[in-house]
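Residue numbers run from 1 in the order of the sequence given.
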Amino acid sequence: MSTEHRARHTLYCSLCPASIYLLLGRHFCPGVSGVTKYGGRVSAGDCEVEMDDRTLGKGRKCVPSPSAAAVGRSAVLLLAGVVFVGWLMMWAMLPTRTYSSTWAPKLAALTGFGKQGIRITVYVFPVLFLFVVACVYLHLQQQKGGDPNTQRRTSTRIAAAWTRPVLVRGPLGIVTGIELAVLLMFMALLVWFYYAYVTVEFSKLLRVKPGQKLWQAELEKAAKRLGSVGSLCCALLFLPVARGSSLLPLVGLTSESGIKYHVWLGNMAMAIFTAHGLCYVFFWASTDQIHLMTKWARTRASNVAGELALLCGLAMWATALPRIRRRMFELFFYAHHLYIPFIVFSALHMGVTVFCYVLPGVFLFAVDRCLRFLQSRARVRLVSSRLLPSGAVELNFAKSRCLRHNPTSTLFVNVPCVSRLQWHPFSVTSSSSLEPDTLSVVIKNRGGWTQKLYETVSSLPPSGGHLGVSVEGPYSPAAGVTPFLAHDSLVMISGGIGITPFISVIRELVYQSAMAETASMPRLLLVCVFRTSAELDMLDLLVPASGGLYGSPSLDLRIEAYVTSESEPRTGNDAHKRPCQQVWFKPWPSDAPVSPALGSNGWLWLGAVVSSSFAAFLLLVAALQRFYIYPVDRDSNHVYPWAARTMLNLLFLGVSVAGVTGAAFLWSKRRSAREAKKIKSVDGPTPAMSPVSLLHWAGGGGVERELESLPAQPLAQATNVHFGHRPDLKKMLLGIHDENVGVMASGPSGMLEEVATICSSGLASNLHFQSISFTW
């Protein structure tokens, strides 16, 4: 190998994960999945590595070992389960005498950092370790292989018993069996936590202070321990809203579904903290100590800080009520930024040692928020858009090939010329398998922000213009296409713009059906409900703007479209007869393709960032404790001011997270910039398939369908349009007699509840429900 050839080989190895798999395949198994050799180049997935015959061996073909990978993933998952159960057991033991009298002194001697060292070791480190283990598991999950039919049998057995809705209508929304079981167990833990704490505290009340009665002393202890119970809720509060967290996909959650658990935890935490504050106010009033409300103790809990934290929490709680949130979303959005003073004042009120209980969630949320902020600063390259007559607009972004996203992913979009502050989530409609260089979202004209965006795009010249856009994400479910292959039939029910998540599902399954050799594909039924016939142009989006929609006779797709407000097809020059308008954009040199924040091996790098930033935080805190606080305080916690110590810890937390995360992001950005130069330009000519309405009307007697570059089973021929009524979902679903039927619903809450009621009625045990809801 020449010097130049070797240098190119080294560069490729440093840029993509293919070299890692080639090396692993060379030493540990006969080969690597998805690796194909073409002369001197080796392709692994979307990456290529310059190699010669001496590197791989002539004629050597790489094949993975699925059983070894499965064993590794199972071992990692088992380890994560053991750590999580142990962490919960330590929470259950915290209020007991055994922990305070026996375990805590031994742990303090072992760590050498007093109470703060105990709580970091017992309550912080396990969560971060679990996070890193989840990163490794998800990285292995991305590379998994195996028989889709085996995946079908396994996932169906697991999903059947636990994902069936048990509560449909009520304040909790749609709740599955596993969600209800976890919720009841968590509430039981809260009850035990409070009961054990109060029992121990009351047993210590041998004598009361002069001027106090026994019930007043008991009220003070009960109020104090309400705060401890609220801290348990806060320990989990920030975990579901870390969008890029590895803990959510580890348990099969997405960033959207995690919002529901954040709401549950937030309601419980604020109810408990409000009771905590009111009990203390009543106690101070009954003992003539109301002046303590304005006290900021030097080495004890600060009452003023606690009151300010409670006020911030109440403001967020009030503006998050469903009626206020839906009618005044901007008020809710901006009020929720009070989480920053809420965290700061809560830390000042608790003290740094107690704050360690909630530190894991705050730390992981800080890492996620920092990465999101850095990613959102860049302007991404907007390639084209399609303006639909119904008022929807499709935005097509250039993306890096190493960015892989699964169906039903979500992308947060910001358009500065519309609003610099507003970020809105949208379903990704493209398939990274079918469209490796493009990422698409569809935005329906429904409000002020979307109306202004539609007007801005439509005012641009079709031949060229520029629109500055920033994005966060995409955020994908970890399971990929496996849940869809786990069923014999897949029913997708949508209302209005709710069809957008299913566009990516259909595109991905079309691609899989064309590429699969032995795996059987599920039969697909798309039931979409629209208010007017103009909205039928949403079906045009099933075909990518760039064309190239592969087809296969093995994919059985049927579309049932319902127009509810019209009794028959309209005649005349209506909106649905106008063609889609295509707009192409001219990129600026600073525009970059959408790429993962931490590169192609993002999960591994995320685990490294969390580990490194937490290690940096520990080093800074250890130096502070050893050389600055200990000479003054001597571990008494009664000399050095709590506020100063807490603020220094928060400062070190911010510095360590921002420093490590920023360094990792800049390194990834430089690498992505080098990869972006290799992406083929998509400027210039229009795509091979010009957008054309799949459905246009020819008089009142029927429907005439035009077809162009569509799959082997034409979408137009697979579509039936019904006017003047809603679908009979119960008859449809109960009429499917396949053994395993997946039912996905996306749309208004009433539709979701109707579908969930049918699936949970017990009339058919073969229906497996999944809700895709974006109504926060």
Point-to-point distance, once rounded to the nearest 0.5 Å, from [atom1] of [X] to [atom2] of [Y]:
X: Cys356; Y: Leu359; atom1: SG; atom2: CG; value: 5.5 Å
X: Leu138; Y: Leu604; atom1: CG; atom2: CG; value: 10.0 Å
X: Leu395; Y: Phe426; atom1: CG; atom2: CZ; value: 8.5 Å
X: Leu184; Y: Leu189; atom1: CG; atom2: CG; value: 12.5 Å
X: Leu310; Y: Phe342; atom1: CG; atom2: CZ; value: 8.5 Å
X: Ser476; Y: His405; atom1: OG; atom2: NE2; value: 7.0 Å

What pair of heavy atoms forms the shortest contact from [X] to [Y], and how long is it?
X: Ser400; Y: Pro593; value: N-CB, 3.8 Å
X: Ser431; Y: Glu508; value: OG-OE1, 2.5 Å
X: Ile772; Y: Thr408; value: CD1-CG2, 3.9 Å
X: Val413; Y: Trp449; value: O-CZ2, 4.3 Å
X: Val358; Y: Cys234; value: CG1-CB, 3.5 Å
X: Pro474; Y: Ser409; value: CB-CB, 4.3 Å

Should [X] and [Y] count as side-chain neighbours, where that means a heavy-atom distance under 4.5 Å?
X: Thr500; Y: Ile497; value: yes
X: Ser656; Y: Phe614; value: no
X: Leu247; Y: Leu364; value: yes
X: Pro360; Y: Tyr123; value: no
X: Trp667; Y: Trp605; value: yes
X: Ser613; Y: Val367; value: yes
X: Leu648; Y: Val352; value: no
X: Tyr261; Y: Val182; value: no

Under 3.5 Å: donor-acceptor pair, side chain of [X], backbone of [Y]:
X: His349; Y: Glu307; answer: no
X: Trp91; Y: Leu232; answer: no
X: Ser257; Y: Thr254; answer: yes
X: Lys399; Y: Ser595; answer: no
X: Ser246; Y: Ala134; answer: no
X: Ser430; Y: Ser440; answer: yes
X: Asn414; Y: Ser419; answer: yes
X: Arg325; Y: Ala320; answer: yes
X: Thr319; Y: Met316; answer: yes

Pair [X] + [Y]: ring centers closer than 6.0 Å:
X: Phe617; Y: Phe652; result: no
X: Trp423; Y: Phe333; result: no
X: Tyr339; Y: Phe365; result: yes
X: Phe332; Y: His336; result: yes

Leu598 and its side chain to side chain contact (heavy atoms under 4.5 Å, CB included) partner, picked from Leu374, Leu371, Thr661:
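Between Leu598 and the candidates, side chain to side chain contact (heavy atoms under 4.5 Å, CB included) is satisfied uniquely by Leu371.
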Gln116: which residues meet the side-chain hydrogen bond (donor to acceptor under 3.5 Å, both in side chains) condition with it, sequence neighbours left out?
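Gln116 satisfies side-chain hydrogen bond (donor to acceptor under 3.5 Å, both in side chains) with Arg645, Asn649 only.
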Side-chain donor-acceptor contact under 3.5 Å, His424 with Gln422:
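His424 vs Gln422: donor-acceptor pair found between side chains.
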Checking side chain to side chain contact (heavy atoms under 4.5 Å, CB included) for the pair Ser494/Met744: CA distance, chi angles, key distance, verdict?
CA-CA 8 Å; Ser494 68; Met744 304 173 66; over 6 Å; no
In this structure, are over 12 heavy atoms from other groups packed under 6.0 Å from [X] atom [atom1]?
X: Phe373; atom1: CZ; value: no
X: Trp87; atom1: CH2; value: yes
X: Phe125; atom1: CZ; value: no
X: Met187; atom1: CE; value: no

Leu338 and Leu311: CA distance, side-chain angles, deciding distance, side chain to side chain contact (heavy atoms under 4.5 Å, CB included) verdict:
CA-CA 10 Å; Leu338 289 172; Leu311 290 176; over 6 Å; no
Taking 4.0 angstrom as the limit, do Glu179 and Lys260 come out as a salt bridge?
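Looking at Lys260 together with Glu179, the answer is yes, because their closest N to O distance falls below 4.0 Å.
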Tell me whether the NZ or CZ atom of Arg243 lies within the 45° cone about the ring axis of Phe412 and under 6.0 Å from its centre.
yes
Determine whether Ser228 and Ser231 satisfy the following criterion, side-chain hydrogen bond (donor to acceptor under 3.5 Å, both in side chains), listing intermediate values before the conclusion.
CA-CA 5 Å; Ser228 300; Ser231 298; 5.8 Å; no
Could you go through the side chain to side chain contact (heavy atoms under 4.5 Å, CB included) check for Thr410 and Val428 one step at a time?
CA-CA 6 Å; Thr410 304; Val428 175; 5.9 Å; no
Please assess Tyr137 against Trp603 for the test ring pair (Phe, Tyr, Trp, His ring centres under 6.0 Å), listing each intermediate value before the final yes or no.
CA-CA 9 Å; Tyr137 173 81; Trp603 288 123; over 10 Å; no
May I have the step-by-step check of side chain to side chain contact (heavy atoms under 4.5 Å, CB included) for Arg377 and Gln375, ending in yes or no?
CA-CA 6 Å; Arg377 295 307 93 192; Gln375 185 188 25; over 6 Å; no
CA sep, side-chain torsions, deciding dist, call: Arg164, Thr176, side-chain hydrogen bond (donor to acceptor under 3.5 Å, both in side chains):
CA-CA 5 Å; Arg164 190 177 301 278; Thr176 63; over 6 Å; no
Would Tyr357 and Arg119 count as a side-chain hydrogen bond (donor to acceptor under 3.5 Å, both in side chains) here? Give the steps.
CA-CA 7 Å; Tyr357 292 136; Arg119 288 160 186 173; 3.0 Å; yes
Identify every side-chain donor-acceptor pair in residues 264-276 under 3.5 Å, counting partners at least two apart or on other chains, and give the distances.
{"unit_1": "Asn267", "atom_1": "OD1", "unit_2": "Trp317", "atom_2": "NE1", "d": "2.8"}
{"unit_1": "Asn267", "atom_1": "ND2", "unit_2": "Val263", "atom_2": "O", "d": "3.2"}
{"unit_1": "Thr274", "atom_1": "OG1", "unit_2": "Met270", "atom_2": "O", "d": "2.6"}
{"unit_1": "His276", "atom_1": "ND1", "unit_2": "Ala223", "atom_2": "O", "d": "2.6"}
{"unit_1": "His276", "atom_1": "ND1", "unit_2": "Gly227", "atom_2": "N", "d": "3.4"}

